There are 2 protein chains.
Amino acid sequence: MERPKRNIYLKMRTLEDARSIWEERTSGIRSSMAVVSTLDALHRVTARPVIACRSVPHYHGAAMDGIAVKAQSTFGASDVHPLRLQIGKKAFPVDTGDPLPPETDAVIMIEYVEQVGEGEVEIRSSAFPWQHVRKVGEDIVAGELLLPVNHKLRPADLGSLLAAGVLQVTVYAPPKVWIQPTGTELIPATLAHEAAPGQIIEFNGTVLSGLVKECGGEPILRDIIPDEYEHIKKMLQEAVASSAEVVLVNAGSSAGSEDYTAAIIDELGEVLVHGVTMMPGKPTILGFIQGKPVIGIPGYPVSGILAFEQFVNPLLHALQGIPAPSFAHVEAQLGRKTPSKLGLEEFVRVILGRVQGELIAMPLQRGAGVITSLTRADGLLRIPQDLEGVDAGERVRVRLLRPEEQLDHTLIMIGSHDNTLDILANELKKRDSRVHLSSSNVGSLGGLIAIKRGQTHLAGSHLLDTDKGEYNFSYIERYLKGTPLRLVQLANRQQGFVVGAGNPKNIQGIGDLARKDVTFINRQAGSGTRILLDYSLQQAGIASDSVQGYDQEEFTHMAVAVNVLSGRADAGMAIYASAKALGLDFVPVAEERYDLVIPETSWNDPKIQILLEIIVSESFRRMVTDLGGYDVSASGALMGIWDGEKWIRTEHRDER
Amino acid sequence: MERPKRNIYLKMRTLEDARSIWEERTSGIRSSMAVVSTLDALHRVTARPVIACRSVPHYHGAAMDGIAVKAQSTFGASDVHPLRLQIGKKAFPVDTGDPLPPETDAVIMIEYVEQVGEGEVEIRSSAFPWQHVRKVGEDIVAGELLLPVNHKLRPADLGSLLAAGVLQVTVYAPPKVWIQPTGTELIPATLAHEAAPGQIIEFNGTVLSGLVKECGGEPILRDIIPDEYEHIKKMLQEAVASSAEVVLVNAGSSAGSEDYTAAIIDELGEVLVHGVTMMPGKPTILGFIQGKPVIGIPGYPVSGILAFEQFVNPLLHALQGIPAPSFAHVEAQLGRKTPSKLGLEEFVRVILGRVQGELIAMPLQRGAGVITSLTRADGLLRIPQDLEGVDAGERVRVRLLRPEEQLDHTLIMIGSHDNTLDILANELKKRDSRVHLSSSNVGSLGGLIAIKRGQTHLAGSHLLDTDKGEYNFSYIERYLKGTPLRLVQLANRQQGFVVGAGNPKNIQGIGDLARKDVTFINRQAGSGTRILLDYSLQQAGIASDSVQGYDQEEFTHMAVAVNVLSGRADAGMAIYASAKALGLDFVPVAEERYDLVIPETSWNDPKIQILLEIIVSESFRRMVTDLGGYDVSASGALMGIWDGEKWIRTEHRDER
């Protein structure tokens with residue numbers, strides 16, 4: 001696993017150097033060849049040039065329906081001097097594809113042939129030789145090169161091979177890739193439900209298998225072995241002796257006390273690179289044993305996937321004689337300042353969406369161990385190792401993790417987190433499979449600021465004005481001057497204290513937070529929940545520093561609930577739904593209004609319109625109600641229209 | 001098959017209308033659902049939202065190697081006041097991934113821990129709570145939405161599913177597609193070698209199967225049936241009664257006397273569209289029988305593929321709840337005026353290459369029956385139905401048929417045809433799998449003009465100056481003023497008369513072409529061979545109009561030889577290699593020099609450099625010699641350097 005700060009890698013290289021070393025040492029290698037039926041050759045790559053066995057067409061054929069004639073016998077025919085031809089003697093009816101009868105060299109289209117009496121036709125213009133005739137070899141000539149070597153066979157290619165009588169083709173066999181999960185702490189996914197603390201579900205093997213398949217390779221996924229010297233050595237000897245052409249060892253590739261892989265590769269063969277200045281992906285090993293490439297893949301999932309893409313993907317394509325397809329990139333504007341370590345090439349996962357015509361990239365702040373940071377990302381931002389980071393607003397080149405056409409259908413929602421967003425995301429995809437909700441949870445205030453900067457299509461907000469005792473209005477007046485928008489209610493929801501099942505610490509209200517035996521878990525500053533908590537403390541006359549754990553912050557309701565579930569805290573403020581989801585108890589504190597803040601600039605966006613349809617739909621209301629703790633009776637209600645200076649119209653302005 | 005001029009289609013629609021009618025009628029349909037193991041779910045599409053079964057991590061774990069501590073117990077530690085902790089009491093050694101021991105809430109990295117004496121460590125800074133700890137649910141929280149419905153599963157997605165304990169997932173089953181080849185003239189590819197005139201190899205079925213697979217579908221390729229009313233009706237009844245979700249009938253989809261498909265679909269169900277104003281692809285049928293989509297696919301291969309892409313591809317994706325991926329396009333400059341029929345949306349196959357920084361699109365002039373017009377193309381140019389064509393030099397949007405990154409590696413060669421180009425193309429791919437030779441045969445003069453216009457990287461030329469009796473020099477002086485270039489010899493080659501095996505008409509020389517019993521096949525004007533012929537005729541004092549077939553032109557040596565092979569002509573002028581390839585006899589007329597004309601602008605292009613390496617290589621010379629009729633002793637020799645005004649240097653200027 002990764003230990004970024006521990007530089008005892010002996011053969012550390014920059015990503016660029018590592019790639020060129022690897023390319024140079026692997027470029028010559030080719031996968032074994034196989035002769036396969038053309039019918040089974042789709043997407044395989046030719047290992048030899050393909051020569052046509054026969055000409056296509058192999059006969060002179062009619063290219064139209066009509067009559068076949070000898071052109072000479074039609075010369076002189078005109079409207080003034082129509083010419084009559086006897087069927088069977090000078091004119092022969094043919095359909096498209098029929099061979100030309102002997103002595104004929106042209107076809108006259110049926111449209112221009114007039115039947116006159118029995119067995120006779122009349123034409124009013126002469127035919128020139130070989131008109132409307134598909135001549136022998138017009139498409140393919142026997143003996144010509146049909147396809148060169150190193151060509152990936154597409155469906156149409158198979159057609160041309162069959163047409164030319166090529167029934168078998170010599171291709172590169174799919175490279176066999178030995179995938180070896182190692183780790184004493186690993187258990188198979190099938191045992192996920194009995195996983196004890198310290199045990200980790202093995203899933204990298206399945207991810208790597210999928211990546212191998214996408215490269216046209218054949219994965220050989222092995223059972224887990226413990227990361228012990230003898231086991232790994234024995235396995236590697238077996239692997240290189242097998243028919244596998246590439247060996248991947250997952251984890252144990254770092255430079256720690258229990259990371260033997262590099263040492264063993266060095267012992268059995270040669271280590272070219274150990275440690276690459278990329279992040280995630282640093283603990284990568286590139287080596288050879290008995291002429292076979294052996295790659296140590298980092299254990300953290302994101303690190304492993306990135307290492308695969310940098311080193312295994314090009315190798316598997318080279319083995320098949322073709323270049324690795326390049327990744328699609330787009331230009332985007334970075335939404336948030338993103339620091340990066342000097343000397344490390346960083347791959348930052350971002351969400352992407354087009355807001356007011358501008359493509360915005362919002363970094364997802366998650367670690368290399370967090371696979372959802374990749375599955376939820378729309379793109380990858382690569383920060384060169386000589387940069388300390390990239391500022392907000394800078395234009396960056398982002399590699400796409402979704403098809404580009406999806407970007408225009410990505411709805412960006414930045415702001416407060418609410419469990420109903422899951423339901424929204426799913427309903428959106430259900431109604432229009434192209435639409436994709438990318439949300440970033442930075443709290444209500446963060447959402448308003450993102451709107452101010454034009455970085456989001458909408459924001460979720462539940463900001464309590466503690467003087468007026470109302471939601472969102474005054475904050476919008478303060479932070480969104482000059483930004484016309486509409487305020488739409490998503491739902492009213494229960495806020496309160498999430499406590500352990502059975503409420504073991506018997507927490508009844510705000511007062512209990514001051515107790516010495518109670519540990520609290522807080523939400524980040526700027527979140528509506530934090531403001532509600534601070535307001536409640538103030539009302540109760542409790543100083544924040546008397547609350548244990550007040551300085552411990554989480555970013556979502558579920559994370560707060562998880563802290564309580566795991567015993568890290570006795571209580572935290574969150575919505576009822578999060579307590580219910582994890583089977584915890586809940587002590588209500590207040591009902592609050594959660595609104596959608598929608599700038600005018602995106603109000604007419606079809607995606608927003610679909611979203612508005614959804615939140616007033618029966619099915620949505622039912623699903624939200626089932627979450628518990630929500631009042632959806634006013635969902636979709638227009639709370640106010642803000643023209644940037646004043647409220648043109650507001651509803652329930654004084655509700656609490 | 002296609003009969004463009006016969007408008008008896010009853011439900012003809014424009015491509016746009018046909019697409020929207022089809023989309024509207026098929027959008028709701030979904031493929032059947034299946035519950036599959038997550039391990040087998042790669043590239044399948046979720047038919048239901050996926051909810052996490054467990055949290056990841058499911059315990060508080062060390063994110064670093066080091067010692068686990070209770071943060072509070074470290075407060076106050078500093079360089080001035082180092083703090084000592086007893087192993088096993090206040091400090092617990094942990095490796096990354098280990099669960100935190102009870103009562104601990106932080107990890108101090110090993111680098112900052114000093115071993116002092118037995119069972120004691122020293123730290124010089126305090127830990128804050130939960131530092132270097134991966135908390136429960138940091139990645140995934142049980143109960144949250146992992147993936148929405150209608151999401152195509154990528155390798156990383158499978159990882160997140162397994163991590164979250166999701167071992168099975170509900171996906172759309174691969175849509176089953178019934179593919180029915182019809183046609184009395186069809187024979188299976190396995191019988192290609194005994195194909196009689198009038199018989200056609202069935203290969204569309206294999207092409208369509210490949211296209212179905214690329215759309216995530218499951219092809220059911222049926223045996224050929226004759227295109228007779230009863231057979232087709234019986235088949236369609238069987239097809240709609242089967243488990244197939246889509247039915248494709250290949251050919252018989254036109255409006256001709258033997259095209260029953262539309263009538264039968266109309267009888268058993270409903271025809272929405274018959275005939276689409278696209279070309280190729282016009283004879284397309286869109287219909288339904290008992291709620292199942294039934295599509296009539298045109299018989300000409302290019303028509304069939306285009307019809308599939310327009311109507312079946314989006315359908316198969318819709319069945320899986322996802323949009324069809326959009327095709328990649330590029331902007332290019334059209335190299336040649338391209339006329340197009342008004343009222344027909346035309347799809348023109350082009351070759352693409354970057355010449356002097358400008359992407360050039362050169363149309364390939366071939367028909368819908370010619371599948372190699374698609375396999376050899378780099379792109380598709382779509383000409384809207386309201387245009388009569390596109391002028392040379394206009395900027396056009398071209399759909400890519402190869403990965404975009406390949407365009408920079410495409411070497412464009414326009415000019416005279418020579419059989420060694422096949423070998424060149426293959427050797428290029430062999431040396432650098434990215435490099436791809438796209439050649440267009442327009443004759444020597446056409447090549448020089450393409451160079452003048454900056455539309456090609458190089459040209460092949462063998463233009464005889466009949467006064468000076470030398471090759472190419474004077475033509476370059478005349479046509480390429482102001483275009484600096486270098487002239488490199490490819491080979492000297494035998495030109496002569498290709499005649500039937502055994503030379504049945506006993507043709508001994510140019511004189512025999514005037515014989516009444518001899519039919520000649522000519523090359524197009526502007527080709528070096530044509531100039532050589534005309535020169536030879538003139539020398540012999542033979543008038544061209546006394547040569548039968550003089551007005552019949554072909555564009556390549558092989559095409560000329562094929563005409564002789566098929567008995568269409570008794571003799572044609574071509575290179576020896578073409579006669580040898582088809583086992584014909586050859587009557588030598590002259591040896592001529594074939595040069596590569598390489599403008600200075602592309603001389604330093606790496607692709608050109610590779611090409612120059614190849615033509616001096618032993619392997620290349622051997623392969624060319626094996627073709628027969630070539631003298632490669634001077635291959636690669638620099639014949640001259642032209643600075644645009646004069647020859648800086650010329651070699652063998654007076655050779656013949």
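Each chain gets a letter, A, B and so on, in the order its sequence line appears, and its residues count up from 1. Note that the structure is predicted; figures quoted are calculated from it, not measured.
- Taken from CD1 in I140(B) to CD1 in I371(A), the straight-line distance is 7.5 Å, to the nearest 0.5 Å.
- Neither the backbone nor the side chain of R48(B) comes within contact range of chain A, judged by heavy atoms closer than 4.5 Å.
- Only the side chain of Q552(A) comes within contact range of chain B, with heavy atoms under 4.5 Å apart.
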Legend entry - side chain to side chain contact (heavy atoms under 4.5 Å, CB included) assessment of R568(A) paired with V136(B): CA-CA 10 Å; R568(A) 178 186 161 193; V136(B) 171; over 6 Å; no

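- Looking at A52(B), neither its backbone nor its side chain comes within 4.5 Å of chain A, counting heavy atoms on both sides.
- Residues S433(A) and G321(B) approach most closely at CB-O, 2.8 Å, considering heavy atoms.
- Your options are V141(B), L158(B), L374(B), V149(B), and the one with the most heavy-atom pairs under 4.5 Å with chain A is V149(B).
- Defined by atom type and a distance below 3.5 Å, a donor-acceptor pair is missing between the side-chain atoms of D157(A) and T375(B).
- The candidate with the highest count of non-hydrogen atom pairs below 4.5 Å against chain A, out of G143(B), P49(B), A142(B), A164(B), is P49(B).
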For residues 206-214 of chain B, which side-chain N or O atoms pair as donor and acceptor with protein atoms under 3.5 Å away, sequence neighbours left out?
from, atom 1, to, atom 2, distance (Å)
S209(B), OG, G205(B), O, 2.8
E214(B), OE2, H43(A), NE2, 2.6

Legend entry - Pair H436(B)-H151(A), side chain to side chain contact (heavy atoms under 4.5 Å, CB included): steps then yes or no: CA-CA 10 Å; H436(B) 164 75; H151(A) 174 87; over 6 Å; no

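- Interface residue K430(B): backbone and side-chain heavy atoms are both found under 4.5 Å from chain A.
- Rounding to the nearest 0.5 angstrom, the gap separating the CD1 atom in I51(B) from the CG atom in D422(A) is 6.5 Å.
- Here the closest heavy-atom approach between residue E405(B) and residue A324(A) is recorded as OE2-O, 4.3 Å.
- If you tally non-hydrogen atom pairs under 4.5 Å between each of H409(A), Q199(A), E404(A) and chain B, the highest count goes to Q199(A).
- Across G159(B), G61(B), A189(B), the residue that shares the most heavy-atom pairs under 4.5 angstrom with chain A is G159(B).
- Residue contact with chain A, scored on non-hydrogen atoms closer than 4.5 Å, involves the backbone and the side chain of P325(B) alike.
- Ranked by non-hydrogen atom pairs under 4.5 Å with chain A, the options A195(B), P403(B), P301(B) are led by A195(B).
- In this structure, CZ in R402(B) is found 5.0 Å from CZ in R154(A), a value given to the nearest 0.5 Å.
- Of the residues considered (P148(B), S566(B), P155(B), A192(B)), P155(B) shows the highest number of contacts with chain A, using heavy-atom pairs under 4.5 Å.
- The minimum heavy-atom distance linking A163(B) with F203(A) is given by the pair CB-CE2, 3.5 Å.
- Nearest approach of K429(A) to N150(B), heavy atoms of both residues: O-ND2, 3.3 Å.
- Both the backbone and the side chain of L162(B) come within contact range of chain A, each with at least one heavy atom under 4.5 Å from a heavy atom of that chain.
- Scored by the ring-ring contact (aromatic ring centres under 6.0 Å, His included) test, H60(B) finds W130(B) as partners (sequence neighbours excluded).
- In this structure, the portion of I201(A) lying under 4.5 Å from any heavy atom of chain B is its side chain and not its backbone.
- Only the side chain of V562(B) comes within contact range of chain A, with at least one heavy atom under 4.5 Å from a heavy atom of that chain.
- Here the closest heavy-atom approach between residue I305(B) and residue A156(A) is recorded as CD1-CB, 3.8 Å.
- Between S578(A) atom OG and E144(B) atom CD the span is 12.5 Å, to the nearest 0.5 Å.
- Taking both residues in full, the closest heavy atoms of C53(A) and H193(B) are given as CB-CE1, 4.2 Å, listed atom of the first, atom of the second, then distance.
- Atom OG1 of T184(A) and atom CG of D95(B) lie 10.5 Å apart (nearest 0.5 Å).
- Considering only heavy-atom pairs separated by less than 4.5 Å from chain A, the leading option among P57(B), A581(B), A328(B), G198(B) is G198(B).
- Only the backbone of A196(B) has a heavy atom closer than 4.5 Å to any heavy atom of chain A.
- With a 4.5 angstrom heavy-atom cutoff, L146(B) touches chain A via backbone and side-chain atoms both.
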